[in-house]
Q: 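Following this message is one structure expressed as structure tokens.
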2 protein chains.
Amino acid sequence: MTTPRWEPRRLSAVAVELPEGVTPPGTRGRILLSALRLFAEYGFHGTSIRDLAGAAGINSATLYAHYPAKEHVLAELVLLGHTELHRRLQQALVEAPPGPAAQLAALVRAQVGAHADFPLLALVANAELHALSPERAAPALALREQSRELGLRVLRLGVAQGVFHVADPLLAATAIGSMGMQVAHWFGPDQPYTRDQVADTYAGYALQLAGAADVPAKKTARAPGATPAKKG
Amino acid sequence: MTTPRWEPRRLSAVAVELPEGVTPPGTRGRILLSALRLFAEYGFHGTSIRDLAGAAGINSATLYAHYPAKEHVLAELVLLGHTELHRRLQQALVEAPPGPAAQLAALVRAQVGAHADFPLLALVANAELHALSPERAAPALALREQSRELGLRVLRLGVAQGVFHVADPLLAATAIGSMGMQVAHWFGPDQPYTRDQVADTYAGYALQLAGAADVPAKKTARAPGATPAKKG
DNA sequence: GTCTATAAATAGATAGAC
DNA sequence: GTCTATCTATTTATAGAC
């Protein structure tokens, strides 16, 4: 690709940004943000070194002063994305009130929040990870596995305590996780929801799906504000 | 790419096949099946004309006797995938017992079934659609919109009838649809579930998520067999 | 329909001046 | 760090023989 083949369609109005404090300063940061946008829109293989450099306002050769290869730019984004999600999930668990129901709600809110706050990063981290060599994909895959187990543990605990009622916690965790992952594909400022509305609503869905006994089912309304887990 | 960079990771044990009766005979069919596998594994831009031809056992120039360009091969796959899903959803609605609960269950079973039966096709149809020009993506996008509305209508009807209890049917439909879409990313013969087990379980999840009042919540067990919608 | 051969453009990456 | 210039391989696609 030299010049854009056609107008972007995958993600129009979404802000091109990375989590706080992780964007490198100067040119390297501009390269990373350009890659975030282009990889999300056209994919890793659909973006050339010259596209990347052009979007960052530099010559293509200059890119190699900051990254040894195109793959390393993707690797940094993929790792950033998985790290941020895992960090948020862990923090959510720490801050959540005790009990599987509140913890599941907190996890889902954190997952949905992460995917709504950084949809481009989530998209690249998930959809382009396959373009990395196994060695460079491994760290992200390890983080993904850890994140998955956080949810699975909460679900299993909830079933053991009689709070949740699912025959197969693994399948339930997969289904719940799937809801949140897809948020990156459609959420944006053009949607009639705030990120907290989606996060809260999805947390309610997760509890319903898990058959959480005494949890307010009608809390799935369009109430704004995060108000994390004020239910026991 | 000339020779495989590394072993396939995205989808290992999944059969490379298309829905019954749609695979073209002869060389054109071999091209299409090769594209199904390679596009799913490496993406459209990650697969070269020579990869495609080599996998089909022909010279790269021969490909142009069957398709005018690489993009047309992808376009055929993308349209095939969206057509098959829409066809199954429509048929599921026709065959389903009356009532929003049974209809929602039937839709989810059909969606999950389609993604479990043809994960490669679902993956290509969804993840590589962005590589098509707007004109060639349009037919698939139209089908996608129609499929989406099938689910949305059932949810809205169920809410209106007091069978479902969700504040925002659109968001609920999105969440439910997201569960099923992701099935293509993980389901395969290496999983400890049959396609019907996943389909039935996910149908139960959807009803739970939607707050379906009087629906057997414990039917989410690992009971094999499709047995479509024997509940009212 | 299938091939060999090749054109024309673009790819990722490097050399070396400033 | 950034540039111009360039190398080398690969890309999509075509020409023309069989």
Side-chain angles (χ1 to χ4, degrees), chain A residues 1-6 23-39 41-78 124 128 130-133 135-137, chain B residues 1-6 23-39 41-78 124 128 130-133 135-137:
Chain A
M1 177 176 65
T2 47
T3 187
R5 282 174 290 259
W6 43 74
T23 307
T27 301
R28 189 179 167 111
R30 292 207 316 281
I31 294 173
L32 206 58
L33 288 173
S34 301
L36 179 62
R37 180 170 68 81
L38 293 173
F39 290 171
E41 182 61 33
Y42 303 106
F44 176 73
H45 291 298
T47 304
S48 76
I49 284 286
R50 284 172 177 80
D51 297 330
L52 216 48
I58 56 171
N59 187 280
S60 67
T62 304
L63 197 143
Y64 291 89
H66 301 274
Y67 292 93
K70 184 178 136 185
E71 189 188 348
H72 291 70
V73 186
L74 176 60
E76 184 163 337
L77 285 175
V78 168
V124 170
E128 304 298 328
H130 76 282
L132 292 176
S133 67
E135 309 88 66
R136 258 180 288 280
Chain B
M1 175 176 67
T2 46
T3 186
R5 281 175 290 261
W6 43 74
T23 307
T27 300
R28 188 179 170 112
R30 293 208 316 280
I31 294 173
L32 207 57
L33 288 173
S34 301
L36 178 63
R37 180 171 67 82
L38 293 173
F39 290 170
E41 182 61 33
Y42 304 105
F44 176 73
H45 291 298
T47 305
S48 76
I49 282 287
R50 282 174 177 79
D51 297 330
L52 215 49
I58 56 171
N59 188 279
S60 67
T62 304
L63 196 143
Y64 292 89
H66 300 274
Y67 292 92
K70 184 178 136 185
E71 189 189 345
H72 290 71
V73 185
L74 175 61
E76 183 162 338
L77 285 175
V78 168
V124 170
E128 305 298 329
H130 75 281
L132 292 176
S133 67
E135 310 88 67
R136 257 180 289 280

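Letters go in sequence order (proteins before strands), and every chain restarts at 1. In what follows, every heavy atom counts, from backbone to side chain, and hydrogens, waters and symmetry copies are set aside.
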Q: Would you say the side chain of P24(B) lies within less than 4.5 Å of the side chain of H66(B), judging by non-hydrogen atoms?
A: no

Q: Could you check if a side-chain atom of R28(A) sits within less than 4.5 angstrom of a side-chain atom of Y67(A), using non-hydrogen atoms only?
A: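 Yes. Closest side-chain heavy atoms under 4.5 Å.
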
Q: Expected output is a numbered-order residue list: members of residues 62-78 of chain A with a heavy atom under 4.0 Å from any atom of DNA chain C. What is it?
A: Y64(A), A69(A), K70(A)

Q: Are I31(A) and I58(A) side-chain neighbours, meaning at least one heavy-atom pair lies under 4.5 Å?
A: yes

Q: Going 5' to 3' along DNA chain C, between which two nucleotides do contacts with chain A fall, using a heavy-atom cut-off of 4.0 Å?
A: dT10(C) to dA15(C)

Q: Is the shortest side-chain heavy-atom distance between K70(B) and V73(B) below 4.5 Å?
A: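 Result no, sub-4.5 Å side-chain heavy-atom pair not found.
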
Q: Between side-chain atoms of residues 46-57 of chain A and protein atoms elsewhere (two or more places apart, or another chain), which donor-acceptor pairs fall under 3.5 Å?
A:
| from | atom 1 | to | atom 2 | distance (Å) |
| --- | --- | --- | --- | --- |
| T47(A) | OG1 | L38(A) | O | 3.3 |
| T47(A) | OG1 | G43(A) | O | 2.8 |
| S48(A) | OG | R50(A) | N | 3.3 |
| S48(A) | OG | D51(A) | N | 3.0 |
| S48(A) | OG | D51(A) | OD1 | 3.4 |
| S48(A) | OG | D51(A) | OD2 | 3.1 |
| D51(A) | OD2 | S48(A) | N | 2.8 |

Q: Applying salt bridge (charged side-chain N to carboxylate O under 4.0 Å, His left out), name anything that partners R136(A), two or more places apart in sequence or on another chain.
A: E71(A)

Q: Please list all pairs meeting side-chain hydrogen bond (donor to acceptor under 3.5 Å, both in side chains) that have one or both residues in residues 52-62 of chain A, counting only residues at least two apart or in different chains.
A: none

Q: dA5(D) P sits how many Å from R50(A) CZ, rounded?
A: 13 Å

Q: Rounding to an integer number of Å, can you tell me how far N59(B) CG sits from dA13(D) C1'?
A: 12 Å

Q: Output all residues satisfying side chain to side chain contact (heavy atoms under 4.5 Å, CB included) with H45(B), sequence neighbours left out; order by chain, then residue number.
A: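 Side chain to side chain contact (heavy atoms under 4.5 Å, CB included) check on H45(B) returns R5(A), H45(A), A131(B).
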
